[in-house]
Amino acid sequence: MKIGFIGAGKVGFSLGKYLADNNQTVVGYYSEFKEDAIEAAEFTGSTNYSQLKLLVEDSDVLFLTVTDVMIEKVWNQIKETNLSGKIICHTSGALSSEVFSDISRRGGFGFSIHPLFAVSDKYHSYKELSGSYFTIEGSKEKIEDMKTLFESFGNHVCVISKEDKVKYHGAAAIASNLVVGLIGLSEQLLVECGFDKESAHNALSPIIKGNIEHIISDGCEKALTGPIERNDIETVKKHLAVLDGNHNIAYQAVSRQVLEIAKMKNKDRDYSNMEDILK
């Protein structure tokens with residue numbers, strides 16, 4: 001299949017390079033930011049297209065690697081072209097393939113294909129995509145073909161429903177963005193205790209790394225430690241007493257979820273008093 005990209009940001013760079021390195025034919029890129037398309041084409045050994053229509057004509061598969069708010073706009077630009085037999089994909093975690101309105105009537109097949117991975121660098125993130133899960137949702141006629149394609153690269157692929165896309169994206173955001181927020185809060189609290197910003201970051205690095213490695217190797221239940229897990233009510237009360245405003249709200253909200261994991265780990269332990277102070 002000949003694969004084209006509309007949009008040349010971090011995801012477009014990374015996915016294009018990943019596909020090219022897995023012996024797929026990446027024909028090229030189109031972007032309203034011409035310099036980005038030129039750079040992405042050079043990076044993937046493909047062609048920079050100055051006309052969107054020509055890229056559509058030359059591609060069997062099109063990836064719309066643009067921001068979520070632009071996907072429907074780009075779709076409206078290309079849907080009047082000849083899409084017979086073509087596969088149109090976007091890479092949004094939150095949107096479903098329904099954004100490609102009337103695609104079946106136009107002879108095409110629509111998909112949302114999302115790597116469960118935080119693409120942070122357009123030049124290097126592609127190297128880590130081989131270890132990522134991909135989720136696929138879209139046209140039943142071709143979904144096994146797209147699933148098989150990514151499985152052939154060694155990726156695990158999960159087919160999900162359009163109804164579950166937002167919940168799925170919420171799960172990804174919690175594991176990625178919200179964790180960053182919590183670590184940022186930890187660093188801020190250390191700074192308030194007298195650490196400078198660099199020292200706070202460096203001091204937390206070993207505990208963050210060790211905890212994540214333990215979660216990955218053993219799972220959440222076995223990795224869980226701390227005052228909630230051991231039912232140390234007095235310590236949790238002290239934490240709540242020194243945290244104000246949003247910090248207190250965040251602590252309580254996350255602690256309630258931690259408590260649910262603690263209950264699964266220690267099924268015979270009575271956490272009723274802990275539940276009361278976290279309500």
Side-chain angles (χ1 to χ4, degrees), residues 93-94 114-120 128 130-135 137 155-161 163-195 197-279:
H114 184 256
L116 193 49
F117 174 74
V119 178
S120 59
E128 299 175 80
S130 60
S132 300
Y133 270 72
F134 278 77
T135 55
E137 173 274 322
N155 293 102
H156 293 282
V157 180
C158 182
V159 175
I160 64 175
S161 69
E163 292 83 7
D164 287 334
K165 280 302 300 278
V166 175
K167 184 183 290 185
Y168 155 78
H169 191 251
I174 290 167
S176 179
N177 317 134
L178 270 61
V179 168
V180 173
L182 288 173
I183 292 170
L185 173 56
S186 295
E187 291 184 358
Q188 181 181 339
L189 292 172
L190 286 187
V191 169
E192 292 174 8
C193 294
F195 287 69
K197 190 172 182 180
E198 182 179 359
S199 295
H201 179 78
N202 292 336
L204 287 170
S205 294
I207 193 172
I208 294 167
K209 184 177 180 181
N211 198 40
I212 293 298
E213 288 178 348
H214 197 184
I215 290 169
I216 291 170
S217 63
D218 300 324
C220 290
E221 289 182 38
K222 289 185 178 179
L224 182 61
T225 61
I228 293 174
E229 188 273 334
R230 63 177 180 264
N231 213 13
D232 184 351
I233 293 169
E234 293 306 314
T235 296
V236 173
K237 283 182 177 179
K238 290 175 182 178
H239 289 171
L240 290 169
V242 298
L243 296 173
D244 299 322
N246 286 334
H247 296 173
N248 190 287
I249 293 169
Y251 183 95
Q252 288 197 59
V254 177
S255 293
R256 286 193 289 270
Q257 183 58 37
V258 169
L259 182 57
E260 293 305 309
I261 298 172
K263 289 178 183 178
M264 291 187 285
K265 181 176 182 179
N266 305 302
K267 293 181 173 60
D268 297 329
R269 189 170 294 174
D270 182 7
Y271 285 106
S272 55
N273 290 333
M274 184 68 75
E275 285 182 321
D276 288 340
I277 69 169
L278 291 174
K279 284 181 180 177

Item to check | side chain to side chain contact (heavy atoms under 4.5 Å, CB included) against Glu198, all qualifying residues, sequence neighbours excluded | outcome: Asp196, Asn202
Are side-chain heavy atoms of [X] and [Y] found at a separation under 4.5 Å?
| X | Y | value |
| --- | --- | --- |
| Glu275 | Leu278 | no |
| Glu213 | Lys209 | yes |
| Ile160 | Cys158 | yes |
| Ile277 | Asn273 | no |
| Leu116 | Ser132 | no |
| Ile174 | Val179 | no |
| Glu137 | Val159 | no |
| Val180 | Asn177 | no |

Next on the checklist: Quick one, Thr135 with Val157, criterion side-chain contact (heavy atoms from CB on, under 4.5 Å). Give me CA distance, side-chain angles, the key distance, then yes/no.
Outcome noted: CA-CA 6 Å; Thr135 55; Val157 180; over 6 Å; no
What is the distance from atom [atom1] of [X] to atom [atom2] of [Y], rounded to the nearest 0.5 Å?
| X | Y | atom1 | atom2 | value |
| --- | --- | --- | --- | --- |
| Ser255 | Gln257 | OG | CD | 10.5 Å |
| Ile207 | Ser186 | CD1 | OG | 8.5 Å |
| Glu260 | Arg256 | CD | CZ | 10.5 Å |
| Lys167 | Ser161 | NZ | OG | 9.0 Å |
| Asp276 | Tyr271 | CG | OH | 15.0 Å |

Item to check | side-chain contact (heavy atoms from CB on, under 4.5 Å) between Leu189 and Glu192, worked out | outcome: CA-CA 5 Å; Leu189 292 172; Glu192 292 174 8; 3.7 Å; yes
Item to check | ring pair (Phe, Tyr, Trp, His ring centres under 6.0 Å) against Tyr251, all qualifying residues, sequence neighbours excluded | outcome: His239
Checklist outcome for this item: Hits for ring pair (Phe, Tyr, Trp, His ring centres under 6.0 Å) against Phe117, two or more places apart or cross-chain, chain-then-number order -> none
Sequence neighbours left out, cut at 3.5 Å: what donor-acceptor pairs do the side chains of residues 218-229 make with other protein atoms?
residue : atom : partner : partner atom : Å
Asp218  : OD2  : His214  : NE2          : 2.7
Glu229  : OE2  : Asn266  : ND2          : 2.9

With a cut-off of 3.5 Å and sequence neighbours excluded, list every side-chain donor-acceptor pair involving residues 241-249.
residue : atom : partner : partner atom : Å
Asn248  : OD1  : Gln252  : NE2          : 2.7
Asn248  : ND2  : Leu240  : O            : 2.8
Asn248  : ND2  : Leu243  : O            : 3.0

Checklist entry - Under the salt bridge (charged side-chain N to carboxylate O under 4.0 Å, His left out) test, which residues partner Asp232, sequence neighbours left out? => result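 Residues passing salt bridge (charged side-chain N to carboxylate O under 4.0 Å, His left out) with Asp232: Arg230.
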Next on the checklist: Please confirm whether the ring centroid of Tyr168 lies under 6.0 Å from the ring centroid of His114.
Outcome noted: yes
Checklist entry - Hey, is the main chain of Arg269 close enough, under 3.5 Å, to the side chain of Asn231 for a donor-acceptor pair? => result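 Here the side-chain-to-backbone pair does not exist.
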Checklist entry - Minimum heavy-atom separation for Glu187 to Ala200, with atom names? => result O-CB, 3.8 Å
Item to check | Atom of Ser130, atom of Asn155 and distance for their closest heavy-atom approach | outcome: O-ND2, 3.4 Å
